[in-house]
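The next block holds one structure in the form of structure tokens; read it before the comments.
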Amino acid sequence: MPHPLVPPILHWFDAHRRDLPWRAADRTPWSVLVSEVMLQQTPVVRVLPVWRAWQERWPGPAELAGAGHDEVLRAWGRLGYPRRALRLHDCALTVVERHGGVLPADEAGLRSLPGIGEYTAAAVVAFAHGRRSVVLDTNVRRVLARALDGAALPTAHLTAGERTRAAAVVPPDDASAARWNAAVMELGALVCTARAPACTSCPVADRCAWLAEGRPPDALAQRRRRQGWHGTDRQARGAVMALLREAVGGGTVEAAAVEAACPDADQRERVLAGLLADHLVERNGDGLRLPRGPHLQGARTAAPTPPAAAPR
DNA sequence: AACGCGTGGCT
DNA sequence: TAGCCAAGCGT
């Protein structure tokens with residue numbers, strides 16, 4: 001006996017699922033992974049063109065492993081959180097070096113790779129391999145919070161109890177479980193949205209605790225506080241990275257231009273230290289540029305290793 | 001465990 | 001209009 005939410009949401013999904021390219025028949029586990037990493041905290045419409053170009057250029061981990069950090073960061077463009085791009089590259093190197101070029105298919109193996117956490121590992125298992133997992137992203141959490149708890153929004157942090165309950169809803173067999181994960185996510189993305197849910201179009205409106213209670217507002221709304229944006233280090237990091245991505249000929253941006261992009265000296269020092277530590281930039285004389293090569297140790301290709309004590 | 005990490009569209 | 005929000009992860 002499936003959970004009462006399952007049959008109507010699966011049926012709804014059959015009629016309303018989007019034809020996203022990473023769901024197409026020619027998808028690979030790697031292409032699914034790339035989509036999941038790009039989609040972390042990033043809207044689908046923004047990911048689409050970048051994912052397509054990325055797939056054409058680096059269809060698998062072996063191709064990506066051969067790319068330089070500067071190429072990868074430019075291809076990432078304005079998706080945001082550029083550390084994700086480096087982690088994906090790092091992930092490709094690890095797959096090539098330690099897994100024979102084949103992405104692990106189990107959650108533990110996936111989670112051991114850089115940039116792959118609980119959600120992404122579960123998503124690859126379900127969406128790339130069609131096997132059972134418990135996908136718990138913000139969409140799924142919101143649907144379950146509303147339908148089962150009568151809460152407007154999920155809590156700030158995922159709890160063990162929430163995982164257990166979500167697992168109890170996932171059907172036992174692989175095929176249905178994989179479909180359920182995609183379906184409930186899709187419902188959260190298209191109908192049971194955070195801002196303006198379309199309850200009149202919802203397949204489980206007749207069994208939703210939140211709707212039954214008259215859609216009460218989020219009780220925890222005041223507790224959620226967002227970090228500001230204007231003038232923050234985060235904004236300054238973004239400005240410096242945009243400057244370097246757009247540097248003509250992949251060249252170096254002179255110190256004066258960096259100062260113009262981030263005028264406050266203390267902030268500039270903090271931001272540059274952070275970017276250097278994250279391997280998102282490297283110094284070139286007095287200027288700055290995107291890092292040229294993979295920073296990890298070990299030979300991935302036949303490229304010769306530079307001599308050991310190379311002076312800077 | 002709470003925090004830092006990009007970007008741009010929407011209301 | 002200025003928050004709010006979008007398929008999280010690592011530390």
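Proteins get letters first, then strands, A, B, ... in listed order; numbering begins at 1 in each.
The salt bridge (charged side-chain N to carboxylate O under 4.0 Å, His left out) check on A:Arg74 picks up nothing, with sequence neighbours excluded. By the ring pair (Phe, Tyr, Trp, His ring centres under 6.0 Å) test, A:Trp12 is found to be paired with A:His16, residues two or more places apart in sequence or in another chain being considered. Contacts of A:Arg46 classified as side chain to side chain contact (heavy atoms under 4.5 Å, CB included), with partners at least two apart in sequence or in another chain: A:Thr42, A:Pro43, A:Leu79. Remark: A:Arg141 pairs with A:Glu162 by the salt bridge (charged side-chain N to carboxylate O under 4.0 Å, His left out) rule, at least two apart or across chains. Annotation: ring pair (Phe, Tyr, Trp, His ring centres under 6.0 Å) contacts of A:Trp54 (sequence neighbours excluded): A:Trp58, A:Trp76.
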**Study point:** Verdict with reasoning, A:Tyr119 to A:Glu36, per side chain to side chain donor-acceptor pair (under 3.5 Å)
**Key:** CA-CA 9 Å; A:Tyr119 161 76; A:Glu36 292 301 340; 2.6 Å; yes
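The CG atom of A:Leu187 sits 12 Å away from the P atom of C:dA7 (whole-angstrom rounding). Summarising the geometry, the separation between CG on A:Leu33 and P on C:dC9 is reported as 11 Å, rounded to the nearest angstrom.
Around the CD atom of A:Glu246, the shell of radius 6.0 Å holds more than 12 heavy atoms that belong to other residues, nucleotides or ligands.
Near DNA chain C, meaning a heavy atom under 4.0 Å away, there are no residues from residues 50-61 of chain A. A heavy-atom distance below 4.0 Å to DNA chain C is reached by these residues of residues 116-130 of chain A, ordered by number: A:Ile116, A:Gly117, A:Glu118, A:Tyr119, A:Thr120. Shown for residues 131-152 of chain A: no residue has heavy atoms falling under 4.0 angstrom of DNA chain B.
Distance check on atom P: B:dA2 versus C:dA7 gives 23 Å, rounded to whole Å. The separation of B:dG8 from C:dC9, taken at their P atoms, amounts to 23 Å, rounded to a whole angstrom.
Contact annotation: the side chain of A:Leu73 never approaches that of A:His279 to less than 4.5 Å [non-hydrogen atoms, C-beta and beyond].
Each side-chain hydrogen bond (donor to acceptor under 3.5 Å, both in side chains) pair with one or both residues in residues 98-118 of chain A, not counting sequence neighbours, appears once here: A:Glu118-A:Arg163. Listed by first then second residue, pairs satisfying ring pair (Phe, Tyr, Trp, His ring centres under 6.0 Å) with a partner in residues 21-41 of chain A read A:Trp22-A:Trp51, not counting sequence neighbours.
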Could you pull out all donor-acceptor pairs under 3.5 Å where a side-chain atom in residues 186-193 of chain A meets a protein atom, sequence neighbours excluded?
| residue | atom | partner | partner atom | Å |
| --- | --- | --- | --- | --- |
| A:Glu186 | OE1 | A:Arg18 | NE | 3.4 |
| A:Glu186 | OE1 | A:Arg18 | NH2 | 2.8 |
| A:Glu186 | OE1 | A:Arg23 | NH2 | 2.9 |
| A:Glu186 | OE2 | A:Arg18 | N | 2.9 |
| A:Glu186 | OE2 | A:Arg18 | NE | 3.0 |
| A:Glu186 | OE2 | A:Arg23 | NH1 | 3.1 |
| A:Thr193 | OG1 | A:Ala196 | O | 3.3 |

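Under a 3.5 Å cut-off, the side chain of A:His69 and the backbone N or O of A:Arg292 do not form any donor-acceptor pair.
Comment: A:Arg132 does not engage A:Asp174 in a salt bridge, judged by the lack of any side-chain N to carboxylate O separation of less than 4.0 angstrom.
Side-chain proximity of A:Arg83 to C:dG10, B:dG4, C:dA7: nearest is B:dG4.
Residue A:Leu280 is out of contact with every strand shown, counting any heavy-atom pair closer than 4.0 Å. At a threshold of 4.0 angstrom between heavy atoms, the contacts of A:Trp22 include nucleobase atoms, whether or not backbone atoms are also involved.
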All N/O contacts under 3.5 Å from nucleotides 7-11 of chain B to the protein, with atom names and distances to one decimal?
| residue | atom | partner | partner atom | Å |
| --- | --- | --- | --- | --- |
| B:dT7 | OP1 | A:Arg245 | NH1 | 3.4 |
| B:dT7 | OP1 | A:Arg245 | NH2 | 3.4 |
| B:dT7 | OP2 | A:Gly238 | O | 3.4 |
| B:dT7 | O2 | A:Arg46 | NH1 | 2.5 |
| B:dG8 | OP1 | A:Arg78 | NE | 2.9 |
| B:dG8 | OP1 | A:Arg78 | NH1 | 3.2 |
| B:dG8 | O4' | A:Arg46 | NH2 | 3.1 |

